[in-house]
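Quick caveat, the model's predicted, so the values are computed rather than measured.
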Amino acid sequence: MSNQPGSSTAEEPDQPVETDPAAAPEPAAEALQVPEALPAAGGAIARAPGAVVLAVLAVGWLAAMLWSTRAAITSAQAGVTAISLSAFALPGVISAALVAGAAAALAAANLLARRGVERATLRFVVATGAGLLVGLAAAVVINLTYFDNATTNVIAGTAAAAATIGGAVAGAGNARVAGAVVTAALGALVFVVAFSRARDPLFDLFGAGDTQESLVTAAKWVSRTESLLAGLVAGLLAFAYLTWARRRAQRRDPAAGDVRWPGYLLAGAGPGLLLLLAEVVIRVGGRSLLDLAGALSEADSVAQTSLGTSRVDNGIWVLFVGALTALIAFGRTLGPTPDDEAAGEDDEAEAVEASADR
């Protein structure tokens with residue numbers, strides 16, 4: 001009966017409906033759980049594992065490039081030979097400075113993450129500052145140990161700019177992906193230097209003879225082989241780093257998320273992108289040095305043009321081969337989803353029942 005105004009039940013209050021407190025969680029508790037799940041998924045505050053080791057290795061590689069460049073320049077006679085050698089050595093120094101600035105930026109960003117700083121803007125500023133410090137240190141070393149001339153100033157200024165740009169690039173992206181790019185780029189640079197010992201046998205293998213045409217054809221195939229192998233090395237290193245970072249993060253927090261497939265794609269393509277970025281820095285910051293070296297003779301002009309084209313082609317090859325390698329390696333680790341497994345089990349059960357009915 002309903003409680004009408006004149007009925008006997010009108011004065012009796014309605015009995016409250018008893019509810020189970022555990023069945024309906026409080027909205028405030030649900031709201032508090034959402035922010036806790038976001039950092040665990042590896043968002044903006046995710047760290048790049050091994051960033052300090054990467055920074056030490058990258059800065060060491062930059063020091064090795066600076067030392068080898070200084071040894072080559074000081075061993076040559078003053079004048080046109082030193083200018084030509086400086087132009088030839090500039091790409092190696094700029095690439096190493098770019099990677100070193102990015103590695104130092106990752107180490108600085110990790111320090112902020114350990115202290116609980118989550119602001120993306122502050123992380124970017126600190127990362128750029130770390131790259132700038134590496135660039136200034138490289139510029140000071142160049143000015144103190146190289147010949148004090150216009151060529152030295154060009155190398156110092158361009159190296160400082162490259163390291164700063166590397167720090168800014170590393171601070172603007174995902175920490176794990178940036179760590180994979182730095183690892184892969186450093187591995188590719190080391191591989192290219194080590195590959196130089198195999199160039200002479202490969203020239204003979206690709207049919208280099210006494211004619212100019214055979215030498216050009218052989219050089220083209222040697223360059224393509226180097227780029228292909230460098231891209232393969234870069235893609236495998238990027239995939240290995242991200243896999244190690246995922247396992248390390250999940251050991252600390254089983255609920256930690258993983259980088260999705262676009263991250264693997266970008267990590268594999270990253271070394272090629274850095275090489276193309278280094279080429280832009282070389283052509284903008286080191287333009288005066290390249291023009292000076294190209295003006296020495298017609299042969300030097302042709303050599304500088306050919307080397308510039310070869311560096312661009314190498315960056316493109318490393319970009320695509322590295323991206324494809326990392327993506328294929330990631331795809332091989334994917335298994336069937338739970339829905340696919342359940343559907344497969346249902347199909348097997350239906351097949352068994354059908355065979356039993358027969």
Distance-minimising heavy-atom pair for [X] and [Y]:
| X | Y | answer |
| --- | --- | --- |
| Leu62 | Ala97 | CD1-N, 3.7 Å |
| Ile94 | Ala278 | CG2-O, 4.0 Å |
| Ala234 | Val318 | CB-CG1, 4.5 Å |
| Thr309 | Arg283 | N-NH2, 4.1 Å |
| Ile142 | Ala159 | CD1-CB, 4.3 Å |
| Leu276 | Val312 | CD2-O, 3.8 Å |

> Relative to the ring of Tyr264, is the ring of Phe330 parallel (under 30°), tilted (30 to 60°) or perpendicular (over 60°)?
Replying inline: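 Taking Tyr264 first and then Phe330, their aromatic rings lie parallel (interplane angle under 30°).
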
> Taking the six-membered ring for Trp, are Phe191 and Phe195 parallel (under 30°), tilted (30 to 60°) or perpendicular (over 60°)?
Replying inline: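 Tilted: the ring planes of Phe191 and Phe195 meet at 30° to 60°.
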
> Do Leu266 and Leu273 pass the side-chain contact (heavy atoms from CB on, under 4.5 Å) test, and can you show the C-alpha distance, the side-chain angles, and the key distance before you say yes or no?
Replying inline: CA-CA 9 Å; Leu266 180 59; Leu273 293 174; 4.2 Å; yes

Should [X] and [Y] be counted in the same cluster of Ile, Leu, Val, Met, Phe, Trp and Tyr side chains packed under 4.5 Å apart?
| X | Y | answer |
| --- | --- | --- |
| Leu98 | Leu132 | no |
| Val181 | Val321 | no |
| Val59 | Met65 | no |
| Val93 | Leu290 | yes |
| Leu232 | Leu186 | no |

For [X] and [Y], indicate whether the former's side chain and the latter's backbone hold a donor-acceptor pair under 3.5 Å.
| X | Y | value |
| --- | --- | --- |
| Tyr146 | Leu66 | yes |
| Asn314 | Ser310 | no |
| Thr128 | Phe124 | yes |

Would you call [X] and [Y] a side-chain contact if the rule is heavy atoms closer than 4.5 Å?
| X | Y | result |
| --- | --- | --- |
| Thr158 | Val154 | yes |
| Glu226 | Val192 | yes |
| Trp61 | Val193 | yes |
| Asp313 | Ser223 | no |
| Ser95 | Leu275 | yes |
| Tyr241 | Leu237 | no |

>> Taking CH2 in Trp244 as the centre, count heavy atoms belonging to other residues, nucleotides or ligands within less than 6.0 Å. Is the count above 12?
In response: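 More than 12 heavy atoms, drawn from other residues, nucleotides or ligands, come within 6.0 Å of this atom.
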
So how far is it from [X] [atom1] to [Y] [atom2], rounded to the nearest 0.5 Å?
| X | Y | atom1 | atom2 | answer |
| --- | --- | --- | --- | --- |
| Leu136 | Thr164 | CG | OG1 | 6.5 Å |
| Thr333 | Phe239 | OG1 | CZ | 5.0 Å |
| Thr325 | Leu265 | OG1 | CG | 11.0 Å |
| Arg123 | Leu106 | CZ | CG | 7.0 Å |
| Leu319 | Ser227 | CG | OG | 12.0 Å |
| Arg176 | Arg246 | CZ | CZ | 10.0 Å |

> Can you name the residues that form a ring-ring contact (aromatic ring centres under 6.0 Å, His included) with Phe88, not counting sequence neighbours?
Replying inline: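 For Phe88, no residue satisfies ring-ring contact (aromatic ring centres under 6.0 Å, His included) once neighbours in sequence are set aside.
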
> Under the ring-ring contact (aromatic ring centres under 6.0 Å, His included) test, which residues partner Trp67, sequence neighbours left out?
Replying inline: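 Testing Trp67 for ring-ring contact (aromatic ring centres under 6.0 Å, His included), a comparison that skips the adjacent residues, returns none.
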
